[in-house]
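All heavy atoms count here, side chains included; hydrogens, waters and symmetry mates do not.
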Amino acid sequence: MVSRSFDGGRTWIKPDVIDDPPGNLRAGDPILWRDQDRVIHLTYANHDPSKTTGDWSYYHQTCLEPSADTMSWSPRTAMDPEFDDFMFNNKPIQSRTGEWFGPVAIRTGPRQGNPYHEGFYSAGSLVSQDNGSNWKVVSRTPELAASGYGWPDTRVWEPTAFQKDDGAIAMYVRNSWGIIHVTCLLYTSDAA
């Protein structure tokens, strides 16, 4: 759901339901952001908590006129990159050349019960060159579990990214020990 305030947050209008998935699915991890053309974007997940793998599906929608009496959202499009199980729960960034980068946590190990974060041992970046219609993988970190932190105790999630002055995309990711890792991607649109 999305609610709006037109008075600096003192009052809020009744929320609009954007996605109400059927059955046991839940909608979660909503990310609202505005691009350089002032278009409002919403990325969110549908999740089936009864499944042990491949249980997150992410979708993208846009709203061209967020101040209209009734918000009108585009049809949702699925984010379908080259791996099966990932979490996209921080906002993408728009590079100076117009591409969108989405930092993701990638499940590369088995999930066994709770917590549902189990098995996320790698992080990566998705890129879209067509305003979110299509996404592809442009980077992927080595599995932290294989780098000496004490497998299987180390997991990663909630990566975030920003573009540095030299054009590199810096991505930060938190691991389950509370350590922040950083990696940089030197990226040009020619490489996509």
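For the atom pair CZ (Arg4) and CD1 (Ile13), the distance works out to 4.0 Å, reported to the nearest 0.5 Å. Rounding to the nearest 0.5 Å places CD1 of Ile93 at 6.0 Å from CD of Gln163. Here the CG atom belonging to Asp20 is positioned 9.5 Å from the CE atom belonging to Met1, to the nearest 0.5 angstrom. Between the CG atom of Leu64 and the CZ atom of Arg38 there is a distance of 13.0 Å, given to the nearest 0.5 Å.
Taking Gln94 as the reference, nothing meets the side-chain hydrogen bond (donor to acceptor under 3.5 Å, both in side chains) condition, with sequence neighbours excluded. In this structure Asp130 satisfies the side-chain hydrogen bond (donor to acceptor under 3.5 Å, both in side chains) test together with Ser128, Asn134, sequence neighbours excluded. Applying the side-chain hydrogen bond (donor to acceptor under 3.5 Å, both in side chains) rule to Ser74 yields the partners Thr62; only residues at least two apart in sequence or on another chain are considered. Taking the side chain to side chain contact (heavy atoms under 4.5 Å, CB included) definition, one finds that Asp37 meets it with Asp35, Val39, sequence neighbours left out. Applying the side-chain hydrogen bond (donor to acceptor under 3.5 Å, both in side chains) rule to Ser3 yields no partners; only residues at least two apart in sequence or on another chain are considered. Partners of Thr160 according to the side chain to side chain contact (heavy atoms under 4.5 Å, CB included) rule, which considers only residues two or more places apart in sequence or in another chain, are Asn90, Tyr172. For Asp7, the side chain to side chain contact (heavy atoms under 4.5 Å, CB included) criterion is met by Ser5, Arg10, Thr11, not counting sequence neighbours. For Trp33, the ring pair (Phe, Tyr, Trp, His ring centres under 6.0 Å) partners at least two apart in sequence or on another chain are His41, Trp100.
Residues Asp19 and Arg76 form a side-chain contact, since some pair of their non-hydrogen atoms from C-beta on lies under 4.5 Å apart. Residues Tyr58 and Val104 form no side-chain contact, since every pair of their non-hydrogen atoms from C-beta on lies 4.5 Å or further apart.
Closest approach of Lys91 and Pro103 over heavy atoms only: O-CD, 4.0 Å. Between Phe6 and Pro66 the shortest heavy-atom distance is CZ-O, 4.4 Å. Considering every non-hydrogen atom in both Pro92 and Gly102, the closest pair reads CB-CA, 4.1 Å. Here the shortest heavy-atom pairing between His60 and Thr43 reads CD2-OG1, 3.5 Å.
A donor atom on one side chain and an acceptor atom on the other are not found under 3.5 Å apart for Ser67 and Glu65.
Taking Ile, Leu, Val, Met, Phe, Trp and Tyr as hydrophobic and joining them when side-chain heavy atoms fall under 4.5 Å apart, one finds Ile18 in a cluster with Val2, Leu32, Ile40, Leu42, Tyr44, Tyr59, Met71, Trp73.
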